[in-house]
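Bear in mind the structure is a predicted one, so any value in this text is a computation, not a measurement. Below, chain A is the first sequence line, B the second, and so on; all start at residue 1.
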Amino acid sequence: MLLFCLSVEMGSTNSTLSKIPNVEELMQETGFTPAHIVRLYDRFEALDKEKTGHLRPQDFGAINRLAMNPIGDRIIGAFFSPGQETVDFHSFVRILAHFRPADKNRPKDPSMPEPVNNRTSKLKFAFQLYDQDKDGKISRAELLQVLRSMLEMQVTEEQLESIADRTIQEADLDKDDAISFEEFRKSLEKVNIDHKMSIRFLR
Amino acid sequence: MSVRVALQSPTGSRSFLERGLLLLVILIFLEGTVLTLGAASSPDISARDNAGGLHDHQGIEGSYDRTNYTYTKKAFPVLSLDYHHIQVPFEISLWVLLASLMKLGFHLIPRLSSIVPESCLLIVVGLLVGGLIKLAGEEVPPVLDSKLFFLCLLPPIILDAGYFLPIRPFMENIGTILMFAVVGTLWNAFFVGGLLYAVCQIEGTNLSHVELLPCLLFGSIISAVDPVAVLAVFEEIHINELLHILVFGESLLNDAVTVVLYHLFEEYSGAGEVTPMDVVLGVICFLIVSLGGIAVGAIYGILAAFTSRFTSHTRVIEPLFVFVYSYMAYLSAEMFHLSGIMALIACGAVMRPYVEANVSHKSHTTIKYFLKMWSSVSETLIFIFLGVATVAGPHAWNWTFVSVTVILCLVSRVIGVVGLTFIINKFRIVKLTTKDQFIVAYGGLRGAIAFSLGYLLDKDHFPMRTMFLTAIITEIFFTVFVQGMTIKPLVDLLAVKKKQEAKRSINEEIHTQFLDHLLTGIEDICGHYGHHHWKDKLNRFNKKYIKKCLIAGERYKEPQLIAFYHKMEFKQAIELVESGGGVKLPSAMPSQVSMQNIQPKKLPPPVAERALPQFTKGREEEIRKILRSNLQKTRQRLRSYNRHTLVADPFEDGWNDFILKKQRMIELEKKMTEMSNYLTVPAAPPDSPTMCRARLASGSDFKAEKGGAKVIPDPNAFYNIKASSDGIPTIQVDLASPKSPDSVNMLDEFSKWGATGQGLGQREGADRDEDQGLMMKPSSAGKGEKGEEEGGNKNPGLMRCLSDPGPSNEDEEDEPFLP
């Protein structure tokens, strides 16, 4: 009986997997196991109400809790590559692969590109959420925007400006009044990013 | 004998060292003699009392030498000795005094305290005192009486631990901690108990009278890791936060398991067997004990938070509420045989955010100080009493039993930790390495709780009680002495990660919050109800409903980020004043920010500044001069780290931090002279003592520059989030000496800064600065363009700072304190 259940399970996994194009390549690139891919695919299909095989911003917007999130729209925006209107399953999974817990024991293979879930990539992802105009720096205005959305109208403009000034002053080492990726990384060197930016079930 | 040995120590600075040792020994001797006297006089008194009870006492001062009832007139007793009258409080005070003097003494001898942990020294002192008493032929008083221990000595330590528990790492590792606490303790108890029984059954040892259940009971007593011992030892080794919270959290949470096992086995030792039904009941009992304890604690915590909401007019008794409610939580839990320790932890942890938001700065400082003081004294007393109790006996030494106990405890701990970590690592994101496992295993110290539980055993039911007690004491000694002394070198040897002395920067704070939001969003997208999801939900619930009820005034709306930012700015402002007078700050400084909410919230421990700016040669010389003069005075103070120095608050930074900040301030000053937006005031000469030590006399004020040179928006102006104030009353800042060798004193002064609640601003004259330090009086006129933002008179936050004059209003503000 147990074997039967298991085989049914495996069977359904396999059948789901076969529905996804290039699934081998996806697993290789992101490091997800088949079980994870299936789970994410189920979620993708649940979000994709009209079964077009692509997600649009409205589909993300339908998630209620995301609407309450101060940076919800930024997160949604991160899924869409510039110029693209929709997200297919591959991009979906690729973005989510950033949040896999890092594999400490993987041998360092110089021929392979940097894994997408190591510390630098995670930080880069977060950095891009700050840096909306993609110029490689977090300018004061961008920082102010983030602060404004996080603090949700509970503070005055002057306070926001002071905080932004202080933040930049603290992090900015080359005095260009903006935070580059290196400075961003340095200011977070004491934070355990692997822990902070990992979701457990994406193991 | 010991005196002679002590006097021959061949270290440098001999006279000082010798004096210290001599002082110690004399003190021990004195205390011993007085306590002997006390012990000696009590039997006499009791005898006399019986006789005297038959007669009328005609007044307290009458002499007790009444042999006949017919009253013959004596000379009026001008001076008489009546020890009995004050005996009990006197002895208690003597013990406390002994404990405190011992603590003083140890820190006078720096080398000793770096080799031997304090707990060991205190046990030795206890042994000495007990030995002295015994030598004098008197009976050693049963000082580690279980009632005294559980009701008086233990609660302060646990409350201190619970109130200052770092919630975030605790909650992040709660799964691991619970595994170690519950499963680990159960494993230890059964392993030790079972194998001990097996050993007892072996022929040859004359231990076959020891049944299984008493063995299991013994196992459950001895297997619990003791929070007092762990705290005492771990504080001195500065291990990284994760390991510290793991071992410490385990020692706190295993109380529930110990309580249940203890009662279970104690109950059924008489009956001689435990049925499966009893086991099931035991499990249910465990759930009730732990959850019930937490619930009781949480209820009292909420009550305390609620009460603190209304204390704005009676600030002086605010600390009392914290203590009384916590103690009542403990007693209530103990009344139902629930876990008192968990109740205390829950009470402290629950009430802290709300109480801190409500109470004044002075009350906050008071709470902190009293908690640290009581827990420190309690800890010292416990160890001394352990020593005394060891001497008191009675002992029944049995080589087999004792040695097997010690070995089994070690073995079971190691196996338990390794096995559990193997399972736990499957679920953890950040795995525990072998080094971590070793420290966790090695740090499982036993302490006075085990002894007291053993002491509580009934002599009739447990004829082997004395043997148990002997074994418990041996195990405690072994762990505290051997493991306690060697853990520090081992930590260094294994290069275990130490505590990061890093202050959280505002960057970290912002980015961490950002990441929290990000992860919550990603979890929502994945449809996964993970860690962040629940945390976010809890925060929202907290913000929406709970804070409204429990926090007074408008403060509940304040976001954490703002509070953190304020605190940083405030701290910087204080240090700026300390470092050199009216140096102008760049526009990023607190000028435009509302300073009303300067309550210290829970923050990670502070650290030295990371980035050091570059200086010109001239500046460097200046800085060196300052440093030299300051550092000399700080050398004495920086000797030994102790958790009982209150460096865990940004207001109360260590001196190192201050100096580095000072450097930074000077650099900023340089920067500012380049920006000519505002007046710069020449700094006071760097080591002007008056600058630093003058207390503020009332009267002098400085107004913000009105119009005139282009000013940054008035730094004196108070900006409310919702309402703002007009005509804020004068605030005075105490600039008492930060250079005193007494760290406590300095910290106290720093916190007085907190009471003023004001950022820095412009000043008019350097001379005034020198004498009077910082005195800020926001003028209604000079508000410039920000004037319209200020409305009503009632600035609630400021009122909170100012409405607490403390016990006496006068002596703080008026008298200049000049050397």
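Considering only heavy-atom pairs separated by less than 4.5 Å from chain A, the leading option among B:H511, B:E523, B:R540 is B:H511. Ranked by non-hydrogen atom pairs under 4.5 Å with chain B, the options A:L143, A:I95, A:L47, A:I75 are led by A:I75.
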Give the C-alpha distance, both sets of side-chain angles, the deciding distance and a yes or no for side-chain contact (heavy atoms from CB on, under 4.5 Å) between B:F514 and A:L147.
CA-CA 9 Å; B:F514 185 82; A:L147 284 174; over 6 Å; no

Would you check, one step at a time, whether the test side-chain contact (heavy atoms from CB on, under 4.5 Å) holds for B:D536 with A:N69?
CA-CA 10 Å; B:D536 191 56; A:N69 196 317; over 6 Å; no

side-chain contact (heavy atoms from CB on, under 4.5 Å) for A:H98 and B:I522? Distances and angles first, verdict last.
CA-CA 11 Å; A:H98 285 290; B:I522 296 283; over 6 Å; no

Apply side-chain contact (heavy atoms from CB on, under 4.5 Å) to the pair B:L518 and A:M197, showing each step before the final yes or no.
CA-CA 9 Å; B:L518 172 63; A:M197 282 187 73; 4.0 Å; yes

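You'll find the side chain of A:I163 reaches within 4.5 Å of the side chain of B:I510, heavy atoms only.
Judged purely by atom type and a 3.5 angstrom limit, B:N507 uses its side chain to pair as donor or acceptor with the backbone of A:T167.
Note: B:H517 NE2 to A:R74 CZ = 11.5 Å, rounded to the nearest 0.5 Å. Between A:E189 atom CD and B:E508 atom CD the span is 8.5 Å, to the nearest 0.5 Å. Separation of atoms CD1 (B:I525) and CD1 (A:I76) is listed at 6.5 Å; rounding is to 0.5 Å.
Heavy atoms closer than 4.5 Å to chain B are found nowhere in A:F44, neither backbone nor side chain. A:I168 does not touch chain B: none of its heavy atoms, backbone or side chain, sits under 4.5 Å away. Contact of A:L160 with chain B is not made at all, since no heavy-atom distance falls under 4.5 Å. B:L515 touches chain A through its side chain: at least one heavy atom from C-beta onward sits under 4.5 Å away, while N, CA, C and O do not.
Residue A:E85 qualifies as open at atom CD: its count of foreign heavy atoms under 6.0 Å is 12 or below. Taking a 6.0 Å sphere around CD of A:E24, one finds it holds 12 or fewer heavy atoms contributed by other residues, nucleotides or ligands.
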